[in-house]
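For reference, the structure is listed below as structure tokens.
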Amino acid sequence: MKAMILKKLASLPACESPLELVELPIPVPGDEEILLRVSTCGVCHTELDEIEGRTAPPRLPMVLGHQVVGHVETMGREVSGFATGDRAGVAWIYSACGVCRFCLEGTENLCREFKATGRDANGGYAEYMTVPAAFAYPIPSAFSDAQAAPLLCAGAIGYRSIKLASLEDGQNLGLTGFGASAHLILMMVRHRYPNVKIFVFARSEEERAFARELGAAWTGETGEQAPEGLASVIDTTPAWKPVVEALKNLEPGGRLVVNAIRKEAIDQDYLLRLDYPTHLWMEKEIKSVANVTRSDVRAFLELAAEIPIRPEIEEYALEDANRALLELKTRRVRGAKVLRVG
Ligand SMILES: [Zn+2]
Ligand SMILES: [Zn+2]
């Protein structure tokens with residue numbers, strides 16, 4: 001099978017082709033696994049974190065990609081609930097131990113044995129992949145394969161971020177950054193909380209215009225003061241400046257939810273501008289979003305079909321994965337990038 005693999009860590013954009021197109025044997029599913037023939041795979045900022053070493057795969061080479069839609073080709077003998085030909089999706093959560101306190105309490109995203117698709121096990125930048133059947137999801141028929149892919153990470157993690165923001169209808173919500181996840185968050189919030197006003201902070205005018213098209217009440221640059229106080233802010237950027245600047249816009253008791261698996265070091269010194277009375281005093285909180293649970297993915301897919309959410313997609317061939325990653329790195333983003341594999 002064709003696969004785009006990561007052989008060694010690299011920095012973009014200095015390295016333009018971190019992934020290499022190779023021929024690999026088709027993997028064989030274990031007893032509790034399914035083999036998927038991959039149709040589409042979303043391209044996520046987390047791939048950049050893996051390639052550049054902020055959350056490096058524990059072994060290389062690795063097939064990246066954790067927003068995978070495909071069809072069941074074969075399965076292990078203990079699999080039930082899937083039949084050959086069924087459409088199924090795989091998200092960032094590849095497996096968890098199932099027996100620790102976190103797994104038993106429904107926070108398997110925090111499990112110490114948490115394994116990530118495309119980092120700890122081969123993912124969807126390939127024609128085939130295996131996954132434990134218990135960690136694969138049926139995809140609602142409302143979505144095409146390409147539309148479903150970004151829902152599996154950007155959408156599901158966006159859903160978890162909204163949950164962690166404790167948003168209530170009628171409040172003001174801020175979004176810092178406006179890429180794949182944020183645009184899905186905006187669509188979800190507009191549906192579930194019609195009286196929430198959304199304030200979007202983004203670097204490029206293109207992103208700000210896109211946010212206004214989708215119904216943002218106000219857009220501005222990262223450092224700007226919002227015209228109204230914000231009850232919560234969800235940050236989907238890789239940088240630190242938006243974190244500090246978002247805190248300034250929070251109302252007393254407000255919460256900043258940081259939806260990023262790792263932050264880049266490039267502007268870390270911006271944190272020194274953190275001024276306690278301006279940014280944290282008055283019971284302001286900062287909370288990170290770690291991974292996703294299966295129930296987040298399932299609940300979000302249902303909600304997305306009900307709304308219905310139609311993510312904005314840019315498609316690339318599997319062989320063009322490096323170009324998609326490079327464009328993501330240089331923030332040429334409108335909606336979500338998806339690889340068309342088969
Ligand atoms: Zn992702
Ligand atoms: Zn566990």
Side-chain angles (χ1 to χ4, degrees), residues 4 6 19 38 40-52 54-57 62-69 89-125 129 131-132 134-135 137 146-161 177-185 234-238 257-264 288-297 300-301 304 311 313-314 316 321 324-325 327-329 331 333 335-339:
M4 292 292 286
L6 179 67
L19 306 185
V38 177
T40 58
C41 183
V43 177
C44 180
H45 198 276
T46 301
E47 271 93 82
L48 298 177
D49 293 325
E50 294 178 52
I51 294 165
E52 297 184 322
R54 288 177 296 278
T55 180
M62 183 59 61
V63 179
L64 311 187
H66 57 266
Q67 314 180 76
V68 192
V69 178
V90 187
W92 174 244
I93 181 166
Y94 186 84
S95 65
C97 82
V99 293
C100 74
R101 170 167 81 81
F102 298 109
C103 284
L104 295 176
E105 285 176 357
T107 48
E108 58 193 7
N109 58 312
L110 306 179
C111 173
R112 278 191 190 84
E113 299 292 314
F114 179 95
K115 290 199 168 40
T117 312
R119 184 191 63 189
D120 305 313
N122 282 337
Y125 283 28
M129 72 169 285
V131 66
F135 291 81
Y137 316 87
Q147 286 170 333
L151 300 179
L152 288 159
C153 178
I157 290 179
Y159 175 87
R160 187 166 186 84
S161 315
F178 203 69
S181 193
H183 98 279
L184 295 173
I185 290 172
I234 297 173
D235 168 46
T236 55
T237 70
V257 175
V258 180
N259 173 354
I261 183 163
R262 292 290 184 272
K263 286 286 193 183
E264 294 182 2
S288 64
V289 184
N291 310 318
V292 277
T293 65
R294 282 172 285 176
S295 71
D296 290 326
V297 180
F300 172 70
L301 286 174
I313 304 288
E314 265 187 291
Y316 299 78
L325 289 164
E327 290 183 9
L328 195 62
K329 178 71 182 185
R331 311 265 179 93
V333 176
K337 298 181 188 299
V338 173
L339 302 179

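Order of appearance sets the numbers: ligands from 1, and atoms from 1 within every ligand.
Residue contact annotation: His66 places an N/O/S atom under 2.8 Å from the Zn ion (ligand 1).
By the 4.5 Å heavy-atom criterion applied to side chains, Lys263 and Arg54 are not counted as neighbours.
The Zn ion (ligand 2) is the vertex of the angle joining SG of Cys100 and SG of Cys103, which measures 110° to the nearest 10°. Geometry note: the Zn ion (ligand 1) is the vertex, Cys153 SG and Cys44 SG are the arms, and the angle is 130° (rounded to 10 degrees).
Ionic pairing of Arg262 and Asp49 is not present here: no N-O contact between side-chain nitrogen and carboxylate oxygen is shorter than 4.0 angstrom.
Ring planes of His183 and Phe178: perpendicular class, angle over 60° (limits at 30 and 60°).
Cation-pi geometry between Arg112 and Phe102 is not met at under 6.0 angstrom from the ring centre and within 45 degrees of the axis.
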